[in-house]
Amino acid sequence: MSKRNILITGGAGFIGSHVVRLFIEKYPNYNIVNLDKLTYAGNLENLTAVENATNYTFVKGDIVDQDFINALFEEHQFDSVIHLAAESHVDRSISNPMEFIQTNIIGTVNLLNAARAIWGKDLDGKLFYHISTDEVYGTLGETGLFTEETAYDPRSPYSSSKASSDHLVRAYHHTYDLPILISNCSNNYGSHQFPEKLIPLCINNIKQGLPLPIYGDGKYTRDWLWVNDHARAIDVIFHEGKNGETYNIGGHNEWKNIDLVHVLCDTMDELLGRAAGSARELITFVKDRQGHDRRYAIDASKIAKELGWKPSVTFEQGIKETVQWYLDNEQWLDNVTSGNYQSYYQKQYTD
Ligand code: NAD
Ligand code: DAU
């Protein structure tokens with residue numbers, strides 16, 4: 001297997017840490033540099049399994065700083081980038097959009113500029129792989145699926161900033177021939193997810209006997225994919241994807257929020273040995289998210305047909321394993337929910 005010199009951005013976050021671990025363990029002759037600003041969402045505890053690997057380097061830094069990014073590319077002469085660093089939580093984008101504009105748009109252009117500058121016209125074996133979201137396609141009614149041809153219609157500051165970055169990545173491909181790939185994935189769940197997102201937030205609250213805040217009528221629908229399967233898809237696309245293409249990734253696994261939370265409640269009752277039905281009593285309907293997208297669902301037939309990828313676990317297996325991970329890793333959960341998490345939670349759910 002050929003050597004690669006890869007920059008992974010956002011590798012200390014939820015999905016990024018799964019990608020870093022997968023690449024370090026599967027490809028010992030790839031050099032991996034993980035660049036992460038370590039915002040509230042970045043956590044080096046997610047990477048203890050690989051921190052001493054000889055093919056791994058961690059760099060703390062900000063993709064918004066163009067001079068720093070240029071120097072990093074100069075120093076390491078990357079041949080590939082897998083770009084995951086982003087502000088990723090929709091609710092935070094509603095209360096503070098500018099962070100999202102800076103990191104998701106300016107940060108992405110800075111990386112594109114640095115790649116262009118260092119690669120020049122020697123584009124053989126080079127790749128800029130941008131990780132994006134299904135939210136760029138907007139919202140669906142009761143039926144239909146997002147395909148790679150669905151017109152962009154982002155509706156939150158988060159999804160608009162991701163859509164913007166997707167457009168810029170494509171623009172650098174069309175204008176400057178930069179070799180690129182983009183994938184747009186549905187909602188991920190699994191270990192190491194920061195408990196501001198629905199699933200780990202509910203797991204943490206059930207554990208502590210706190211209310212489970214359900215926005216609006218609870219009938220908003222998401223298509224859930226196990227994070228390990230997203231990391232596998234990123235591996236396949238990185239190695240087999242066709243230059244310039246976009247691939248949608250999804251679990252064919254749609255759940256209304258309230259039904260999903262019922263599954264979580266029942267799984268937690270079972271694993272904690274609590275009385276059946278006790279966690280469901282914590283469910284509390286709260287004020288809706290502003291501009292809340294009603295339904296997302298991905299048509300993942302292109303990646304299945306062209307690259308042979310499909311999810312490896314059923315939702316029942318994935319969710320049980322996920323809940324068990326949070327129960328087994330109490331210290332991780334306690335560490336990430338101390339400090340600033342408390343003030344965020346207070347502001348989001350009680351102010
Ligand atoms: P996350 O919030 O858990 O992690 C983001 C990481 O980026 C953190 O480690 C953070 O420290 C780092 N980061 C943030 N700003 C930075 C900056 N300016 N410079 C350097 N590093 C910075 O996010 P996630 O859920 O793992 O998502 C990763 C990527 O996947 C994002 O691009 C997101 O849009 C995309 N995505 C997420 C999902 C999902 O369900 N979570 C689904 C589809 C696509
Ligand atoms: O679709 C992919 C996207 O999925 C990613 O691009 C985003 O980075 C990721 O955060 C996720 O966005 P969502 O907004 O769908 O995820 P979240 O976990 O925040 O919410 C899932 C659903 O649950 C959504 O309909 C809002 C609802 N919700 C969420 C929270 C945090 C609640 O009802 N109560 C809550 O407290």
Side-chain angles (χ1 to χ4, degrees), residues 8-20 34-44 46-47 59-65 68-69 82-94 99-100 102-104 106-108 110-111 130-137 139 146 154 156 158-159 161-162 165-166 183-190 192-202 205 211-225 227 230-231 234 249-250 255-258 260-261 283-289 292-298 345 348-349:
I8 298 184
T9 69
F14 166 48
I15 301 169
S17 63
H18 283 269
V19 174
V20 167
N34 170 16
L35 165 66
D36 199 296
K37 184 180 173 184
L38 299 182
T39 67
Y40 76 93
N43 183 356
L44 289 178
N46 296 350
L47 293 161
V59 177
K60 183 173 189 290
D62 189 341
I63 58 171
V64 176
D65 182 345
F68 164 76
I69 293 298
I82 306 178
H83 174 37
L84 297 108
E87 287 292 335
S88 70
H89 191 41
V90 174
D91 292 325
R92 289 184 193 252
S93 84
I94 293 166
E99 284 281 338
F100 289 70
Q102 286 295 330
T103 286
N104 298 0
I106 307 294
T108 301
N110 287 346
L111 291 164
H130 177 60
I131 307 301
S132 192
T133 170
D134 60 357
E135 299 199 12
V136 299
Y137 298 123
T139 186
F146 297 133
S156 72
Y158 164 68
S159 55
S161 67
K162 291 296 291 187
S165 61
D166 292 12
S183 54
N184 296 81
C185 188
S186 64
N187 286 62
N188 285 213
Y189 70 93
H192 304 88
Q193 186 171 30
F194 192 76
E196 62 187 348
K197 309 279 165 58
L198 180 68
I199 290 182
L201 184 144
C202 286
N205 285 14
L212 306 178
I214 308 296
Y215 296 160
D217 66 0
K219 292 185 181 150
Y220 293 85
T221 300
R222 298 290 183 264
D223 174 0
W224 294 93
L225 179 71
V227 64
H230 188 188
I234 290 172
I249 310 169
W255 288 85
K256 288 193 170 52
N257 293 337
I258 187 67
L260 174 74
V261 170
I283 290 172
T284 311
F285 289 89
V286 299
K287 85 169 183 295
D288 212 346
R289 173 182 280 176
H292 200 167
D293 287 339
R294 191 65 172 166
R295 174 172 167 259
Y296 305 142
I298 279 280
Y345 197 90
Q348 177 65 21
Y349 294 100

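These numbers come from the heavy atoms of this one structure, side chains and all, not from hydrogens, waters or symmetry mates. All ligand and atom numbering here is 1-based and tracks the order in the structure. The residues of the chain are indexed from 1 along the displayed sequence.
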> With no hydrogens and no angle check, is any side-chain donor or acceptor of Asn110 less than 3.5 Å from a backbone partner on Val64?
Replying inline: yes
> Could an N or O of ligand 2 be found under 3.5 Å from any N or O of Glu135, whether backbone or side chain?
Replying inline: yes
>> I'd like to know whether ligand 2 has Lys162 as a neighbour, heavy-atom separation below 4.0 Å.
In response: no
> Is the closest N or O pair between Val90 and ligand 2 shorter than 3.5 Å?
Replying inline: no
> With Ala86, which residues qualify under side chain to side chain contact (heavy atoms under 4.5 Å, CB included), at least two apart?
Replying inline: Asn104, Lys162
> When only distance counts, is Asp91 in polar contact with ligand 2, meaning an N/O pair under 3.5 Å?
Replying inline: no
> Of all the atoms in ligand 2, which lie at a distance below 4.0 Å from a heavy atom belonging to His292?
Replying inline: 24 (C), 25 (O), 26 (C)
> Got a sec, which residues hit salt bridge (Lys or Arg N to Asp or Glu O under 4.0 Å) with Asp166, two or more places apart in sequence or on another chain?
Replying inline: none
> Mind checking whether Ser88 has an N or O less than 3.5 Å away from an N or O of ligand 2?
Replying inline: yes
>> Considering both backbone and side-chain atoms of Tyr296, is one of its nitrogen or oxygen atoms within less than 3.5 Å of a nitrogen or oxygen in ligand 2?
In response: no
> Looking only at N/O atoms, are Ile199 and ligand 2 under 3.5 Å apart anywhere?
Replying inline: no
> Between the main-chain N or O of Ala85 and the side-chain N or O of Thr9, is there a donor-acceptor pair closer than 3.5 Å?
Replying inline: yes
>> Ignoring hydrogens, what is the shortest heavy-atom contact between Gly216 and Phe285? Give both atom names and the distance.
In response: O-CD2, 3.2 Å
> Where does the angle between the aromatic ring planes of His292 and Tyr220 fall among parallel (under 30°), tilted (30 to 60°) and perpendicular (over 60°)?
Replying inline: parallel
> Within the side chain of Asp223, is there an N or O that forms a donor-acceptor pair under 3.5 Å with the backbone of Tyr296?
Replying inline: no
> For residues Tyr189 and Arg222, is any side-chain donor paired with an opposing acceptor at under 3.5 Å?
Replying inline: no
>> Evaluate Ser186 for polar contact with ligand 2, using N/O atom pairs at a separation under 3.5 Å.
In response: no
> Which residue and non-hydrogen atom of the protein lie closest to atom 29 (C) of ligand 2, and at what distance in Å?
Replying inline: Tyr215 CE1, 3.6 Å
Between the protein and ligand 1, which nitrogen or oxygen pairs come in under 3.5 Å, and how far apart is each?
| unit_1 | atom_1 | unit_2 | atom_2 | d |
| --- | --- | --- | --- | --- |
| ligand 1 | 2 (O) | Ser88 | OG | 2.7 |
| ligand 1 | 3 (O) | Phe14 | N | 3.0 |
| ligand 1 | 9 (O) | Gly13 | N | 3.0 |
| ligand 1 | 9 (O) | Asp36 | OD1 | 3.2 |
| ligand 1 | 9 (O) | Asp36 | OD2 | 2.6 |
| ligand 1 | 11 (O) | Asp36 | OD1 | 2.5 |
| ligand 1 | 11 (O) | Leu38 | N | 3.4 |
| ligand 1 | 11 (O) | Thr39 | N | 3.0 |
| ligand 1 | 11 (O) | Thr39 | OG1 | 3.1 |
| ligand 1 | 18 (N) | Asp62 | OD1 | 2.8 |
| ligand 1 | 18 (N) | Thr103 | OG1 | 3.1 |
| ligand 1 | 19 (N) | Ile63 | N | 3.1 |
| ligand 1 | 21 (N) | Lys37 | N | 3.0 |
| ligand 1 | 23 (O) | Ser88 | OG | 3.3 |
| ligand 1 | 26 (O) | Phe14 | N | 3.4 |
| ligand 1 | 26 (O) | Ile15 | N | 2.8 |
| ligand 1 | 32 (O) | Leu84 | O | 3.0 |
| ligand 1 | 32 (O) | Lys162 | NZ | 2.6 |
| ligand 1 | 34 (O) | Tyr158 | OH | 2.6 |
| ligand 1 | 34 (O) | Lys162 | NZ | 3.1 |
| ligand 1 | 40 (O) | Asn188 | N | 2.9 |

> Just which atoms of ligand 2 are under 4.0 Å from any heavy atom in Lys197?
Replying inline: 10 (O), 18 (O)
> Heavy-atom contact under 4.0 Å between Glu196 and ligand 2?
Replying inline: yes
>> Between Arg289 and Asp91, does any NZ, NE, NH1 or NH2 come within less than 4.0 Å of an OD or OE carboxylate oxygen?
In response: yes
> Minimum heavy-atom separation for Asn46 to Gly13, with atom names?
Replying inline: ND2-O, 3.7 Å
> Of all residues at least two apart in sequence or in a different chain, which pass the side chain to side chain contact (heavy atoms under 4.5 Å, CB included) check with Ala231?
Replying inline: His18, Val19, Leu22
